[in-house]
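Structure first, then comments.
For clarity, every value in this text was computed on a predicted model and none was experimentally measured. Chain naming here is simple, since letters A, B, ... match the order of the sequence lines and numbering starts at 1 in each. The basis for the numbers below is simple: all heavy atoms, side chains too, and nothing from hydrogens, waters or symmetry mates.
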Amino acid sequence: MVERHISCLDLDQIAASGQCFTWQRLGEGHYGIPARGSYVEAEQRGERLVFSCGETEFEALWADYFDLSTDYEAIQAAIDPADGYLRAAARYGRGIRVLRQDLWEVLVSFLISQNNNIGRITRSVQGLCRRWGEERRAGSRTYWSFPSPAALAGASESDFAALGLGYRARYLVRLTAEVEAAGYEDWARRLRAAGSEEAMERLTGLYGVGKKVAQCVCLFGLHQVDAFPVDTHIRRVLEAHYPAGFDLERYKGYGGILQQYLFYYDLAVKSR
DNA sequence: AGCCAGGAAGTCC
DNA sequence: GGACTTCATGGC
């Protein structure tokens with residue numbers, strides 16, 4: 001067990017923020033989190049977090065996964081005082097962090113996310129895990145790992161379609177084949193070594209990956225926190241609240257985190 | 001019943 | 001290089 005006092009980290013907000021789709025809700029502020037080949041249970045009361053793992057694993061994996069080395073307070077404090085909308089969004093979603101997730105999981109998840117909604121994305125991604133991931137035990141609970149490229153390479157288009165992927169089933173078949181043909185580990189290494197421009201080129205070169213999905217992969221899978229994915233929510237927010245344009249230059253180095261505040265705030269505003 | 005969802009490819013010009 | 005269409009599917 002590891003206990004930490006952590007500011008700007010809200011499990012419920014992160015779980016609802018549409019950046020990861022495999023967390024299992026065990027209760028309020030209580031989640032089973034399979035990630036990067038491991039698993040932890042995290043429970044929150046206020047700013048006190050309890051993790052089910054040991055100190056060594058926490059420091060080696062989960063501190064990184066939750067991006068604990070980034071100062072989110074400072075980012076929120078750097079927001080233009082005159083930008084009331086962004087300030088409100090950041091205040092509302094102050095517990096959101098940009099997780100450092102597994103690259104392949106992010107690529108597949110956001111390939112599926114296109115023209116889709118979070119509920120259905122979640123069902124599809126978890127369906128992939130149950131069907132092609134490995135069932136593993138963690139204490140009294142079981143969870144499914146995210147399937148490797150090799151595991152997904154054994155699936156067909158109709159397999160994917162049966163999980164509700166719709167027209168994206170074909171994209172996933174081709175994407176998996178392309179990445180397997182290149183050798184996933186080599187392919188991933190080259191991508192991680194690439195700058196933002198080259199990463200965008202490599203990603204959008206994949207069938208079914210356009211600019212928006214590529215930006216999500218840069219942000220969530222490569223932790224290129226400058227990436228600023230513009231989806232249907234963000235486009236509307238920009239049109240409604242930033243007619244003169246959103247000043248990304250002002251926020252160089254963490255625009256993607258602000259993007260998450262805007263996205264999550266719009267989700268919340270819409271659901272009321 | 002039609003519109004929307006963390007869009008992208010295909011097809012025109 | 002843009003605009004326009006098509007692509008599955010569930011939720012509201």
With a non-hydrogen cut-off below 4.0 angstrom, is [X] in contact with a base, only sugar-phosphate, or nothing?
X        : value
A/Arg236 : sugar-phosphate
A/Phe160 : nothing
A/Leu262 : nothing
A/Val230 : nothing

Protein-nucleotide distance ([X], atom [atom1]; [N], atom [atom2]), rounded to Å:
X        : N      : atom1 : atom2 : result
A/Asn115 : B/dG7  : CG    : C1'   : 6 Å
A/Leu203 : B/dA9  : CG    : C1'   : 17 Å
A/Lys212 : B/dG6  : NZ    : C1'   : 3 Å
A/Asn117 : C/dC12 : CG    : P     : 9 Å
A/Leu175 : B/dA8  : CG    : P     : 13 Å
A/Tyr171 : C/dA8  : OH    : C1'   : 11 Å
A/Ile121 : B/dG7  : CD1   : C1'   : 11 Å
A/Leu111 : B/dA8  : CG    : C1'   : 10 Å

Can you tell me if the side-chain N/O atoms of [X] get under 4.0 Å from OP1 or OP2 in [N]?
X        : N      : value
A/Arg170 : C/dT6  : no
A/Tyr207 : B/dG10 : yes
A/Thr232 : B/dG6  : no
A/Lys270 : B/dC4  : no

**OP:** Would you mind checking if A/Glu41 and A/Arg141 are paired as a salt bridge, meaning a charged N to carboxylate O distance below 4.0 Å?
**Re:**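 Salt bridge present between A/Arg141 and A/Glu41.
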Original post:
Is the shortest distance from a Lys or Arg side-chain nitrogen in A/Asp266 or A/Arg236 to a carboxylate oxygen in the other one below 4.0 Å?
Top reply: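 Looking at A/Asp266 and A/Arg236, the cut-off is met.
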Original post:
What about the rings of A/Tyr171 and A/Tyr207, do their centers lie closer together than 6.0 Å?
Top reply: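 Yes, the ring centres sit under 6.0 Å apart.
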Original post:
Does the A/Arg168 side chain pair with the main chain of A/Leu111, one donor and one acceptor, at a distance under 3.5 Å?
Top reply: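 Checked: no pair found.
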